[in-house]
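As structure tokens, the structure follows; a few thoughts come after it.
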Amino acid sequence: MNIKTKLSTLWIVVMLNLIFADILSIMVELINKNTLDDIIGEVTTTMAIAALLTNIPILMVYFARVLPHKTNRLANIIAAILTTIYVVGGGSLVPHYIIIVSIEVTVLLGILWTAFRWQEQE
């Protein structure tokens, strides 16, 4: 498989897991409190930062396919590190989140490994 396609596909896996974690967290909140008040609340700086950080893997789906080798390699390494910090640091200890974050971190390590080993001729 072409490295760019592989990296882009891995970023799609990360994104699907991010979305799935959020959906399950909302479901847990609804079951526990039968309300969305605590989830919706006010728009805060924290949510703005989360929106920005969540866009890193979204953009990487595209950038992994179109950026030139050197820029692409560096972008994947930086994006994988930032996304790992985001998913681990912003998480919780509920079982579904632990499982999903484990998968996300494993895939992000795969992205890092692939990007580090990526030679220009591939």
Side-chain angles (χ1 to χ4, degrees):
M1 176 186 291
N2 175 293
I3 298 295
K4 289 183 175 187
T5 303
K6 180 180 182 178
L7 288 168
S8 180
T9 303
L10 289 171
W11 281 111
I12 291 169
V13 172
V14 170
M15 274 311 307
L16 290 172
N17 275 283
L18 283 169
I19 293 166
F20 195 56
D22 289 343
I23 290 169
L24 288 175
S25 294
I26 290 169
M27 290 172 60
V28 167
E29 184 68 23
L30 288 172
I31 290 167
N32 289 339
K33 295 185 179 178
N34 199 24
T35 180
L36 280 176
D37 292 341
D38 292 339
I39 296 172
I40 297 172
E42 292 182 26
V43 177
T44 64
T45 302
T46 303
M47 292 305 290
I49 292 168
L52 178 66
L53 291 173
T54 301
N55 269 280
I56 292 171
I58 293 170
L59 292 169
M60 286 309 298
V61 171
Y62 175 72
F63 288 148
R65 288 183 179 258
V66 300
L67 290 175
H69 173 262
K70 191 173 184 177
T71 307
N72 200 336
R73 186 174 179 269
L74 184 60
N76 273 281
I77 291 168
I78 292 169
I81 291 169
L82 290 175
T83 304
T84 301
I85 292 167
Y86 171 65
V87 298
V88 172
S92 66
L93 296 177
V94 292
H96 77 271
Y97 197 83
I98 293 170
I99 292 167
I100 291 172
V101 166
S102 298
I103 293 166
E104 288 173 343
V105 169
T106 301
V107 174
L108 288 162
L109 289 172
I111 291 169
L112 277 170
W113 179 255
T114 301
F116 273 122
R117 294 184 53 228
W118 188 7
Q119 300 298 315
E120 191 163 5
Q121 64 271 13
E122 295 183 64

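Here, residue 1 is the first one in the sequence, and each next residue gets the next number. Predicted, not measured: the structure shown is a model, and the values here were computed from it.
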Shortest non-hydrogen pair, N72 vs F63, comes out as ND2-O, 3.6 Å
Closest non-hydrogen atoms of A79 and M60, given as atom of the first, atom of the second and distance, are CB-CG, 3.5 Å
With N76 as partner, the option from I81, T114, L7 fulfilling side chain to side chain contact (heavy atoms under 4.5 Å, CB included) is L7
- Query: Linking I/L/V/M/F/W/Y whenever their side-chain heavy atoms sit closer than 4.5 Å, directly or via other members, would I19 and L59 fall into one cluster?
  - Reply: yes
One should read off an interatomic distance between I49 CD1 and Y86 OH, to the nearest 0.5 angstrom, of 10.5 Å
Exercise for review: Is it possible for you to say whether L74 and W118 belong to one hydrophobic cluster, with membership spreading through side-chain heavy-atom contacts below 4.5 Å?
Suggested key: yes
ask   = Please walk me through it: do V14 and I111 pass side chain to side chain contact (heavy atoms under 4.5 Å, CB included)?
value = CA-CA 10 Å; V14 170; I111 291 169; 4.2 Å; yes
Rounded to the nearest 0.5 angstrom, the OG1-CG distance for T83 and L108 is 6.0 Å
**Asked** Quick check: are there more than 12 heavy atoms from other residues, nucleotides or ligands sitting under 6.0 Å from NZ of K6?
**Response** no
Exercise. Starting from the C-alpha separation in whole Å, work towards a yes-or-no answer on side chain to side chain contact (heavy atoms under 4.5 Å, CB included) for H96 and I99.
Key: CA-CA 5 Å; H96 77 271; I99 292 167; 5.8 Å; no
Smallest heavy-atom separation, W11 atom then A64 atom, equals CD1-CB, 4.3 Å
- prompt: Under 4.5 Å between side-chain heavy atoms, hopping through other hydrophobics if needed: is there a path connecting I98 to I85?
  reply: no
**Prompt:** I100 and L24: side chain to side chain contact (heavy atoms under 4.5 Å, CB included), yes or no, with the steps?
**Reply:** CA-CA 10 Å; I100 291 172; L24 288 175; 3.8 Å; yes
Closest non-hydrogen atoms of P57 and T54, given as atom of the first, atom of the second and distance, are CD-O, 3.2 Å
Query raised in the report: In the single-linkage hydrophobic clustering (I, L, V, M, F, W, Y; side-chain heavy atoms under 4.5 Å), do I58 and V66 co-cluster?
Result: yes
With L16 as partner, the option from V13, I12, L18 fulfilling side chain to side chain contact (heavy atoms under 4.5 Å, CB included) is I12
Same cluster or not: F116 versus V107, using hydrophobic residues (I, L, V, M, F, W, Y) connected whenever any side-chain heavy atoms lie under 4.5 Å apart?
yes
Closest non-hydrogen atoms of H69 and Q119, given as atom of the first, atom of the second and distance, are NE2-C, 3.6 Å
Exercise. Would you confirm whether R73, through its side chain, and A115, through its main-chain N or O, come within 3.5 Å as a donor-acceptor pair?
Key: yes
To the nearest 0.5 Å, atom CG of N17 lies from atom CD1 of I103 at 5.5 Å
Would a distance-only check, ignoring hydrogens and angles, find a side-chain to backbone donor-acceptor pair under 3.5 Å from S8 to K4? no
dist L109:CG -> L10:CG (nearest 0.5 Å) comes out at 11.5 Å
